[in-house]
Amino acid sequence: MIEKSSLAVPKLIYFEEIDSTNAELLRTDRALVPELTAVVSASQTAGRGRLDRDWVSEPGASLALSLLLRPKASEQLGWITLMAALSVRAALQELGVVEPAIKWPNDVLVEGKKVSGILAQLDGEDLILGVGINLKAQAGAPEHATSLEELGIAADMDSVLHELLTQFRLRYLRFATDPDWSVELSANEFRQFSITLGQKVRAIYPDGSELVGMAKDIDSFGNLQIDAGELHTVSAADIIHLRN
Ligand code: BTN
């Protein structure tokens, strides 16, 4: 069922159903498995999203992937999640999706609707990188969600996963080999495909405080720079695009 994808990573563990692929990788004895081990499930009963939200993964309608990464330094984390979003975007384009775009930090949107989300969780020195992609419409999905099927793309899970793993490995290995060059390439890729930059945005910080301004650029850590009279550097926030 996932033959092609199994060849793209050193180890792939597949479930028809699990609570959450991130949770599964968090409770795995990770000393026994190599970096880039992938946990994949065709459905989740307790999928987690950013900011402690639920993530809907109904059977056969979504792809849930968690990858085990061992980044060398914590300041790399912002780039790794951004690279995951860039990889999803590139994979969707390869699969025929028209104009997939990135909303900072790491949502992938098509026609303004979310088709993929990313949740990175740090445990000691391990980074669990969780990626969800909506394959089909789901009854419990939020209104602002879309799926490959709704976008006219009939791709099976193995093809989507294989393309995603291929795209991510390319960026991650490049990052491990030459971080400065990789960051430059990824920053330019983000500038090209971001729908956040150049927009008036409201940033809602985890403590509930807010900032309104123009999203100007990303910095060398992948943080969003917002001009609200003076330049603010935002590392974690929910971003709402406002009308200019
Ligand atoms: C978000 O946009 O809020 C992030 C959603 C991340 C969902 C993925 S699906 C695979 C992995 N397992 C989880 O429980 N969550 C992530």
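Whatever order the structure lists them in is the order used to number ligands and atoms, beginning at 1.
- Classification of R174 and D178 as a salt-bridged pair fails, no side-chain N sitting under 4.0 Å from a carboxylate O.
- Short contacts between ligand 1 and W55, defined as distances under 4.0 Å to a heavy atom of the residue, involve ligand atoms 2 (O), 5 (C), 7 (C), 9 (S).
- R70 and E35 are not joined by a salt bridge, as no carboxylate oxygen comes within less than 4.0 angstrom of a charged side-chain nitrogen.
- Heavy-atom contacts of S20 reach the following atoms of ligand 1: 12 (N), 13 (C), 14 (O) (cutoff under 4.0 Å).
- Under 4.0 angstrom from ligand 1, the non-hydrogen atoms of K114 all belong to its side chain.
- Close contacts of ligand 1 with T21, meaning ligand atoms under 4.0 Å from a residue heavy atom, involve 10 (C), 11 (C), 12 (N).
- At a 4.0 Å heavy-atom cut-off, ligand 1 does not touch L51 at all.
- Counted by atom type alone, N22 and S20 present zero donor-acceptor pairs between their side chains at under 3.5 Å.
- A salt bridge links D107 with K114: the distance from a Lys NZ or Arg NE/NH1/NH2 to an Asp or Glu carboxylate oxygen falls below 4.0 Å.
- Listed by number with element, the atoms of ligand 1 under 4.0 angstrom from any heavy atom of G47 are 14 (O).
- Nearest approach of A137 to A61, heavy atoms of both residues: O-CB, 4.3 Å.
- Ranking protein heavy atoms by distance to atom 8 (C) of ligand 1, first place goes to G132 N, 3.6 Å.
- Using a 4.0 Å cut-off between heavy atoms, N106 makes no contact with ligand 1 at all.
- No path of Ile, Leu, Val, Met, Phe, Trp and Tyr side chains, each step under 4.5 Å between heavy atoms, connects L129 with W55, placing them in separate hydrophobic clusters.
- Side-chain atoms of S235 and N223 include no donor-acceptor pair closer than 3.5 Å.
- Of all atoms in ligand 1, numbered sequentially from 1 with element shown, those under 4.0 Å from a heavy atom of G49 are 1 (C), 3 (O), 4 (C), 5 (C).
- The shortest N/O to N/O separation between R50 and ligand 1 falls below 3.5 Å.
- In the vicinity of R48, heavy-atom distances shorter than 4.0 Å reach the ligand 1 atoms 5 (C), 6 (C), 7 (C), 13 (C), 14 (O), 15 (N), 16 (C).
- Cluster annotation: L151 is connected to I133 through the hydrophobic network of ILVMFWY side chains, with a link wherever side-chain heavy atoms come within less than 4.5 Å.
- Close contacts of ligand 1 with D107, meaning ligand atoms under 4.0 Å from a residue heavy atom, involve 2 (O).
- Within the structure, ligand 1 has Q44 among the residues with a heavy atom less than 4.0 angstrom away.
- The aromatic rings of Y172 and F175 sit tilted relative to each other, their planes meeting at an angle between 30° and 60°.
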